Q: 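Submitted below is the structure of interest, expressed as structure tokens.
Just so it is clear, the model here is predicted, and its values are computed rather than measured.
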Amino acid sequence: MEGAWDIAFVLFQVWMSIVAGLIVLPAMFGVSLGFTDIYIKVLIKTLEWATLRIQRGQKEQPALPSQSANGIIEKHDGSMEEEIGELRRSHPKNLAGGDFTLCDAFYFCKKGIENIVEDQVTQRFTSEELASWNLLTRTNNNFRYISVRLTIMWGLGVFIRYCILLPLRITLASIGLSWLVIGTTLVGLLPNSNAKNWLSDLVHITCYRICARGLSARIRYHNKENRPKKGGICVANHTSPIDIVILANDGCYAMVGQVHGGLMGVIQRSMVRSCPHVWFERSEMKDRHAVAKRLKDHIADKTKLPILIFPEGTCINNTSVMMFKKGSFEIGGTIYPVAIKYDPQFGDAFWNSAKYNMVSYILRMMTSWAIVCNVWYLPPMTRQDGEDAVHFANRVKSAIAQQGGLIDLSWDGGLKREKVKESFKEEQQKMYSSMIVGSDFHEIPSHIIYELDDLKV
Amino acid sequence: MGSTNSTLLKIPNVEVLMQETGFSPAHIIRLHDRFKALDKEGRGYLCPQDFGAIKELAMNPIGDRIIGAFFSPGKETVDFHAFVKILAHFRPVDKDRPKEPNSPEPINSRSNKLKFAFQLYDQDKDGKISRDELLKVLRAMLGMQVTEEQLESIADRTIQEADLDRDDAISFEEFRKSLEKVNIDHKMSIRFLR
């Protein structure tokens with residue numbers, strides 16, 4: 001038995017030194033040995049091969065639109081007028097008595113059924129589906145058994161991901177997090193000085209770099225000259241908790257969030273020792289003024305790091321940007337917008353908090369192929385004179401959506417829990433009635449409509 | 001490859017369902033996911049409030065009627081089978097379907113689509129759209145934007161045009177005749193992308 005333990009111990013030491021030497025140390029110095037790049041290249045080749053095999057295997061070739069990014073049904077984006085106009089074209093037109101035909105209801109009926117099958121809001125909270133398969137069963141609804149070779153590739157993929165990559169990543173993540181806790185506690189012991197700030201930044205960045213390796217993340221930063229500066233607020237679209245790791249790999253931010261218990265709480269407390277972050281108690285979050293005041297005080301102090309905020313308030317599936325809550329935009333200061341776009345080919349980063357809890361989510365992340373994403377730093381924006389917070393928020397949101405290639409939606413992410421206002425229905429009724437009787441003719445008695453309709457020809 | 005079959009196996013009588021409705025396994029799975037997403041409490045059936053939670057449907061002027069179409073008279077719940085069967089009305093018409101003399105008409109035939117639309121108007125299911133029922137639909141679609149008089153004149157004109165046997169109501173045959181030139185397949189069909 002002793003022999004077995006010795007061997008296990010030696011193996012463990014070898015393993016740890018490989019990890020430390022080839023991954024942790026280069027990560028700390030920001031040096032890339034190029035492993036991830038090679039890995040991704042190999043991955044791309046393999047996935048292309050798999051896609052070709054599947055296409056050959058499928059007898060019927062349905063014509064897939066190239067940007068079938070997220071819809072499962074074909075939607076015609078014609079306006080109400082166009083659609084109803086088309087419906088009526090075949091119907092003999094009779095101008096007397098207003099412009100209504102029995103088939104008008106078809107338009108509303110079809111829209112209603114379309115929404116039952118798929119609606120804009122819920123759609124944003126399910127993962128994006130891929131047009132081709134990336135050898136992860138979690139992302140395929142359509143692909144069935146094609147060939148032996150493909151199944152073998154898939155099986156190999158499972159083995160690699162669960163038996164080789166997963167333990168490696170867990171090791172790295174634990175090293176990263178423990179280093180964060182230990183390092184920040186040690187730095188916290190120093191008196192306040194420039195050296196302390198520099199060391200704190202170093203500790204934070206190295207930890208996040210290790211964590212990023214722990215996810216096999218390949219991140220590309222664009223427009224680094226627009227990076228958020230001290231005393232500003234950094235605003236980004238939210239897809240998952242990993243966003244923080246992605247952004248913090250290239251700069252130091254002050255985090256904002258609720259105080260948690262457990263492991264998160266330990267991390268939070270130690271982080272705050274080395275540099276100021278903004279952690280709120282549950283009770284404080286309810287008081288908007290207190291929250292705003294603390295944030296204002298933070299950014300007023302030009303030596304403190306820029307705050308990182310996700311104004312959507314919830315995780316969205318990275319195909320669109322939903323309404324930004326105006327609270328962050330009322331504080332003042334310079335806003336540095338950042339757009340984050342993940343490449344879903346290698347791993348779906350979206351956290352569907354209704355479907356998966358944090359632990360199963362992290363497990364899914366660590367058994368994906370890789371996390372590949374692009375980060376764009378946008379030029380800073382400030383609130384203009386006379387502009388209200390909502391308008392400013394929308395301006396920032398549009399800029400982020402445009403840069404990231406995401407759809408700009410005005411639906412509120414919180415709508416997944418709330419009811420829709422009556423005024424939306426009235427809008428629909430107004431639009432339809434203006435087609436029937438014309439918007440100016442509401443008060444006019446019916447017999448006059450006949451005459452005016454004759455004139456309309 | 002594994003998850004496809006396991007989801008299908010969880011659905012009872014899925015073969016029968018696919019045969020009756022003509023949906024492919026991938027479509028059934030998507031609809032099943034959608035059903036589960038709407039069934040937030042996981043009870044295995046939907047009630048009108050679950051449909052009401054869909055934002056765009058709440059905005060739709062005849063949203064209530066569309067929801068009502070899913071529930072048989074007297075029933076307050078709809079299970080997955082019934083859900084899929086109703087949605088099957090909106091499958092595009094199968095152009096190359098062999099016409100077997102004894103097989104029942106497919107759910108997504110032109111005639112059945114028209115019947116579905118007809119029942120949106122004919123709420124008391126007596127086979128006719130009475131003047132009252134027509135007024136109710138018009139009121140729903142137009143809201144407070146028109147006066148009572150305007151509504152009545154529209155209703156009168158519509159019945160006058162379509163009512164061929166002069167019984168002051170529109171039967172299904174008259175409804176069908178009035179819409180014979182409309183491209184029902186295009187306007188009452190929803191195409192799945194994948």
Side-chain angles (χ1 to χ4, degrees), chain A residues 62 64-65 68 71-74 86-87 90-91 94 96-98 100-122 126 129 137-138 140-145 151 154 411 415 419-420 424-430 432-433 436-437 442 445-446 449, chain B residues 1-5 25-26 29-31 33-34 37-38 51 53-63 66-67 87 89-90 116-117 120-121 137-138 141-147 149-150 152-154 156-158 161-162 170 175 178-179 181-184 187-194:
Chain A
L64 290 177
S68 61
I72 57 171
I73 52 179
E74 205 175 287
E86 268 181 42
L87 266 170
S90 46
H91 195 95
N94 188 337
F100 167 77
T101 45
L102 288 167
C103 54
D104 288 352
F106 288 12
Y107 167 76
F108 291 110
C109 177
K110 181 174 168 181
K111 274 269 171 294
I113 298 282
E114 273 176 0
N115 291 326
I116 289 178
V117 178
E118 175 180 75
D119 70 278
Q120 279 286 52
V121 175
T122 326
T126 50
E129 282 196 56
T137 35
R138 60 188 73 150
N140 79 334
N141 259 341
N142 237 345
F143 298 101
R144 290 176 282 175
Y145 177 79
T151 317
W154 173 74
W411 288 106
L415 261 188
K419 280 178 72 80
V420 141
F424 283 126
K425 197 191 235 184
E426 269 179 44
E427 284 286 323
Q428 294 271 302
Q429 286 168 336
K430 271 205 195 105
Y432 181 59
S433 69
I436 305 284
V437 293
H442 286 170
S446 39
I449 296 179
Chain B
M1 285 184 271
S3 67
T4 318
N5 291 323
I29 291 175
R30 274 182 233 293
L31 288 174
D33 283 343
R34 180 60 170 167
L38 291 173
F51 286 96
I54 303 173
K55 316 303 161 192
E56 285 115 321
L57 195 59
M59 241 167 63
N60 192 314
I62 52 171
I66 299 175
I67 296 175
L87 290 178
H89 283 94
F90 289 83
F116 186 85
L120 288 178
Y121 284 98
V137 179
L138 286 169
M141 291 204 282
L142 295 163
M144 288 295 123
Q145 309 300 323
V146 297
T147 67
E149 291 170 336
Q150 287 166 323
E152 301 213 354
S153 69
I154 294 173
D156 286 331
R157 204 258 322 171
T158 311
E161 274 192 350
I170 304 177
F175 185 74
S178 152
L179 299 172
K181 297 216 188 71
V182 176
N183 185 352
I184 305 281
K187 289 299 166 185
M188 290 278 276
S189 293
I190 297 176
R191 272 157 200 82
F192 276 85
L193 285 174
R194 281 166 286 161

Q: The criterion is side-chain hydrogen bond (donor to acceptor under 3.5 Å, both in side chains); which residues satisfy it with B/T158, sequence neighbours excluded?
A: none
Q: With rounding to the nearest 0.5 Å, note down the distance linking OH in A/Y107 to CD1 in B/I62.
A: 11.0 Å
Q: Let me confirm one number: the CG-CD distance from B/L87 to A/E114, rounded to the nearest 0.5 Å.
A: 11.5 Å
Q: Kindly give the heavy-atom pair with the smallest separation between A/N115 and B/I54, and that separation in Å.
A: O-CG2, 3.6 Å
Q: Tell me, please, which residues at least two apart from B/F90 pass ring pair (Phe, Tyr, Trp, His ring centres under 6.0 Å).
A: B/F116
Q: Checking B/L142 against chain A: side chain, backbone, both or neither under 4.5 Å from a heavy atom?
A: both
Q: Show the nearest heavy-atom pair for residues B/I66 and A/F108, with the distance to one decimal.
A: CD1-O, 3.6 Å
Q: Minimum heavy-atom separation for A/I116 to B/R34, with atom names?
A: O-NE, 2.7 Å
Q: Which pair of non-hydrogen atoms, one from B/K187 and one from A/K110, has the smallest distance, and what is that distance?
A: O-CD, 3.0 Å
Q: So which part of B/L57 gets closer than 4.5 Å to some heavy atom of chain A, the side chain, the backbone, both or neither?
A: both
Q: What part of B/L38 gets closer than 4.5 Å to chain A, counting heavy atoms only: side chain, backbone, both or neither?
A: side chain
